[in-house]
J.: 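Following this message is one structure expressed as C-alpha cells.
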Amino acid sequence: AAMRHLPYFCRGEVVKGFGRGSKKLGIPTANFSEQVVESFPSDISTGIYYGWACVGNGDVHKMVLSIGWNPFFKNTKKSVETHIIHTFKEDFYGEILSILITGYIRPEKNFDTLEALISAIQEDIEEAKRQLDLPEHLKLKDNNFFHLPEGKIESNN
C-alpha cells in the first residue's frame, strides 16, 4: 500500500510539533496540522518516505518524511513530519509547506536508544538523497504544484 498512492501531493500550514526534531534529534522537522494528517489516504503505509518540499514560493529541496506513530516516542496521534534537506536561517511556522512524496524507504519501527534512532534517520536522509538524484524522481522537482498561485500565499485572503 506504500507505493500505490505515489506520487502523493500535499500542502498545508506548518504548525508547532513536539519540539523534538531540532532539540532532541538535531534533525529539524516541519509538522502538518491534524487536519492535514487526517486528509492522507487512510490506507497509506506508515513509514519513511522521500520526495520534494517547498516552503511558500521558495526553492524546492529534497526531503525525507515520516508518516506514523513514532514508536520510540509513543505518540498517541499519527503525525506527518517532514525533514527538508536544507538549512533554513529561521523557523517557518505558519508558512505553507508543499510536499511531493515520490518514494518509500522503510516501515516505521521502534529503536532501543535515541542514538540508534538518529543513526537510522541519517541513513534515511542519505538514501533519500541517492534516490532523488535518479532521473525519474529528479524530473518531479520542477512540478507546477510547487508554484503557489498568487493570492493563495496570504492565509487571510
Side-chain angles (χ1 to χ4, degrees), residues 1-23 25-70 73 75 77-108 121-157:
M3 300 305 282
R4 189 175 65 222
H5 295 290
L6 302 183
Y8 184 78
F9 298 81
C10 179
R11 177 176 289 139
E13 186 178 338
V14 176
V15 299
K16 280 201 182 287
F18 301 102
R20 297 188 292 239
S22 297
K23 293 166 193 68
L25 303 173
I27 303 163
T29 58
N31 297 335
F32 283 124
S33 68
E34 269 183 64
Q35 293 88 335
V36 175
V37 174
E38 287 166 9
S39 75
F40 272 69
S42 58
D43 63 341
I44 197 167
S45 299
T46 59
I48 311 305
Y49 293 80
Y50 58 85
W52 300 102
C54 176
V55 177
N57 262 328
D59 293 334
V60 178
H61 300 286
K62 294 175 179 179
M63 64 88 174
V64 65
L65 172 100
S66 163
I67 299 174
W69 305 94
N70 299 335
F73 292 108
N75 283 10
K77 286 190 181 341
K78 194 177 197 178
S79 68
V80 175
E81 298 176 53
T82 304
H83 170 68
I84 302 171
I85 304 171
H86 175 77
T87 303
F88 290 90
K89 290 182 181 64
E90 53 204 35
D91 289 337
F92 44 85
Y93 297 118
E95 294 277 352
I96 298 298
L97 174 64
S98 302
I99 62 167
L100 169 48
I101 305 171
T102 63
Y104 179 76
I105 298 177
R106 64 174 174 84
E108 86 175 331
I121 295 170
Q122 296 293 0
E123 287 172 25
D124 296 336
I125 291 169
E126 290 310 311
E127 178 64 15
K129 288 179 184 173
R130 279 193 298 275
Q131 292 295 331
L132 289 164
D133 281 338
L134 298 174
E136 65 266 28
H137 297 298
L138 205 51
K139 70 180 184 198
L140 293 166
K141 181 180 181 181
D142 297 323
N143 194 288
N144 283 336
F145 172 71
F146 291 117
H147 304 289
L148 288 175
E150 292 304 319
K152 294 275 191 241
I153 303 164
E154 296 293 322
S155 55
N156 45 3
N157 277 3

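Here, residue 1 is the first one in the sequence, and each next residue gets the next number.
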J.: Go through the structure and list residues passing side chain to side chain donor-acceptor pair (under 3.5 Å) with T46, not counting sequence neighbours.
T.: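 Once residues adjacent in sequence are excluded, T46 has no partner under the side chain to side chain donor-acceptor pair (under 3.5 Å) criterion.
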J.: Are side-chain heavy atoms of H83 and I85 found at a separation under 4.5 Å?
T.: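 They are in contact (side-chain heavy atoms under 4.5 Å apart), so the answer is yes.
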J.: Say you draw a straight line from CG of N31 to OH of Y93; how long is it, rounded to the nearest 0.5 Å?
T.: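 Between N31 CG and Y93 OH, I get 7.5 Å after rounding to 0.5 Å.
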J.: Taking the inter-plane angle between the rings of F32 and F40 on a 0 to 90° scale, is it parallel (under 30°), tilted (30 to 60°) or perpendicular (over 60°)?
T.: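 Rings of F32 and F40: tilted, 30 to 60°.
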J.: Does V55 reach the side chain of L97, with side-chain heavy atoms less than 4.5 Å apart?
T.: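 Yes; the side chains approach each other to less than 4.5 Å.
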J.: Is the shortest side-chain heavy-atom distance between L100 and V60 below 4.5 Å?
T.: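 No, too far: nothing below the 4.5 Å cut-off.
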J.: Looking at residues at least two apart in the chain, or sitting in another chain, which of them share a salt bridge (Lys or Arg N to Asp or Glu O under 4.0 Å) with E127?
T.: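 Result, salt bridge (Lys or Arg N to Asp or Glu O under 4.0 Å) vs E127: R130.
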J.: Enter the distance from W52:CH2 to I101:CD1 here, rounded to the nearest 0.5 Å.
T.: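 Rounded to the nearest 0.5 Å, the CH2-CD1 separation comes out at 14.0 Å.
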J.: In the structure I gave you, are the side-chain heavy atoms of I44 and Y49 within less than 4.5 Å of one another anywhere?
T.: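 Yes, side chains in contact.
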J.: For S98 versus R11, what's the shortest heavy-atom pair and its separation?
T.: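 Looking at all heavy atoms of both residues, the closest pair is OG-NE, 2.8 Å.
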J.: Do you know the tightest heavy-atom contact between V36 and C10?
T.: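 Answer, listing the atom of V36 first, then C10: CG1-SG, 3.5 Å.
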J.: Check salt bridge (Lys or Arg N to Asp or Glu O under 4.0 Å) between E126 and all other residues, then give those that pass, not counting sequence neighbours.
T.: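 Residues passing salt bridge (Lys or Arg N to Asp or Glu O under 4.0 Å) with E126: K129.
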J.: Using the side chain to side chain contact (heavy atoms under 4.5 Å, CB included) criterion, which residues pair with D124? Sequence neighbours excluded.
T.: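 Result, side chain to side chain contact (heavy atoms under 4.5 Å, CB included) vs D124: I48, V64, I105, R106.
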J.: Applying ring-ring contact (aromatic ring centres under 6.0 Å, His included), can you list everything that pairs with H86, at least two apart in sequence or on another chain?
T.: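 Once residues adjacent in sequence are excluded, the partners of H86 under the ring-ring contact (aromatic ring centres under 6.0 Å, His included) criterion are H61, F88.
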J.: Let me check something: any side-chain donor-acceptor pairs from residues 135-146 under 3.5 Å, sequence neighbours excluded? List them with distances.
T.:
unit_1 : atom_1 : unit_2 : atom_2 : d
H137   : ND1    : T102   : OG1    : 3.2
H137   : NE2    : Y50    : OH     : 3.1
N143   : OD1    : F145   : N      : 2.8

J.: What residue pairs, at least two apart or across chains, pass salt bridge (Lys or Arg N to Asp or Glu O under 4.0 Å) with a residue in residues 58-68?
T.: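 Found K62-D133.
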J.: Restricting to side chain to side chain donor-acceptor pair (under 3.5 Å), what partner residues turn up for Q35, sequence neighbours left out?
T.: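 Q35 satisfies side chain to side chain donor-acceptor pair (under 3.5 Å) with S33 only.
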J.: Ignoring hydrogens, what is the shortest heavy-atom contact between M63 and A53? Give both atom names and the distance.
T.: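 Looks like CG-CB, 3.7 Å.
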J.: Calculate, to the nearest 0.5 Å, the distance between atoms CD1 and CD1 belonging to I84 and I27 respectively.
T.: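 With rounding to 0.5 Å, CD1 (I84) is 14.0 Å from CD1 (I27).
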J.: Taking only residues two or more places apart in sequence or in another chain, which ones pass salt bridge (Lys or Arg N to Asp or Glu O under 4.0 Å) with K78?
T.: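 Checked K78 against salt bridge (Lys or Arg N to Asp or Glu O under 4.0 Å); zero matches.
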